[in-house]
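Values in this document were obtained by computation on a predicted structure and should not be read as measured data.
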Amino acid sequence: DLIGSVAPVFFAPSCPPPPCGGAAAPTPGGAKAPPPAPCGSDQIYVLRNGRTKQITHGAGDHYEPAISPDGRAIAYVDDGQLVVSNVDGEHPRRLAAAGATGASASWPQWGPGGGRVAFSSQWTSGPPCTTGATSDDPTAPIAPCTQQSGRGIFVVDSDGKNVRRLTADEDTVDDDSPAYSPDGAQIAYVRWIDSDGSNSGELWVMGSDGSRPHQMEIGRASCRERV
């Protein structure tokens, strides 16, 4: 019993309609109306046969869902952690995050065969910088500081094994929003350049193993979009 690509999957605040940030209903006698009820955390829902079913629960935010090609599993982000569960939300498991730092995963995307998931996450390499070099500036790093960090494209097997970062060590760029080609041979992504302070985006494509990365357009995107 599969959901597949014919049933929409989405995330939304887990609060009943209305009110949810809207105007409160008037009260008898002109008394001041109470403020609207606060919205809950973001949860993931599927729409099937005209009915909406919530498949995640809990206080944290759950977002950016992606259904596997065979319709049996769903990848999503749970407060920055990459999670895969059955498509009905049962048996959630966090995928290993070796090489990715902290709770920073985003935009999971299944490969066409369903065996791998691409996603974006923070990375850090090198020893941490030590601060307190001088009494005048206690936050200044003690030279030399070789640590680098950024945001890159990762891939991981759907069972959590073989995590690998595909994009290079460049702390002046952030790579985000991966998307597989239909044959699984390439991954498109957005590269954000902040070396000049503009933080503008470029469309890039690489092999699904990280080889041959190259820019696909002249000029820069004016807004942050899913590729």
Could you tell me which residues satisfy side-chain hydrogen bond (donor to acceptor under 3.5 Å, both in side chains) with T56, sequence neighbours excluded, listed by chain and number? Q43
Residues in side-chain hydrogen bond (donor to acceptor under 3.5 Å, both in side chains) contact with W110, at least two apart in sequence or another chain: none
What are the two closest non-hydrogen atoms of [X] and [Y], and how far apart are they?
X	Y	result
V163	G160	CG2-O, 4.0 Å
D176	I153	N-CD1, 3.7 Å
L82	P108	CD1-CB, 3.6 Å
P112	D183	CG-C, 4.0 Å
L95	V156	CD1-CG1, 3.6 Å
A105	V77	O-CG1, 3.5 Å

Is there a side-chain contact between V84 and I74 (heavy atoms, below 4.5 Å)? no
Min side-chain heavy-atom separation S106-Y63 under 4.5 Å: no
Does any N or O in the side chain of [X] come within less than 3.5 Å of the main-chain N or O of [Y], such that one atom is a donor and the other an acceptor?
X	Y	result
S181	Q186	yes
H62	G60	yes
D79	D61	yes

Answer with yes or no whether the side chains of W107 and Q109 bring together a donor and an acceptor at under 3.5 Å. no
If we check side-chain hydrogen bond (donor to acceptor under 3.5 Å, both in side chains) with R191, which of these qualifies: T167, D175, D174? D175
To the nearest 0.5 Å, what is the distance between [atom1] ([X]) and [atom2] ([Y])?
X	Y	atom1	atom2	result
S85	E90	OG	CD	9.0 Å
S120	L166	OG	CG	11.0 Å
Y189	E202	OH	CD	10.0 Å
S121	R165	OG	CZ	10.0 Å

Between F119 and F154, how do the two ring planes meet: parallel, tilted or perpendicular, split at 30° and 60°? parallel
From CA spacing to verdict: side chain to side chain contact (heavy atoms under 4.5 Å, CB included), V205, H214: CA-CA 6 Å; V205 172; H214 55 282; 4.2 Å; yes
H91: side-chain contact (heavy atoms from CB on, under 4.5 Å) partners, not counting sequence neighbours: N86
Residue list, side-chain contact (heavy atoms from CB on, under 4.5 Å) with S208, at least two apart or on another chain: Y180, I187
Under the salt bridge (charged side-chain N to carboxylate O under 4.0 Å, His left out) rule, collect the residues that match up with D157, sequence neighbours excluded. R116
Take I55 and V46 through the test side chain to side chain contact (heavy atoms under 4.5 Å, CB included) and record every step on the way to the result. CA-CA 7 Å; I55 64 169; V46 293; 4.1 Å; yes
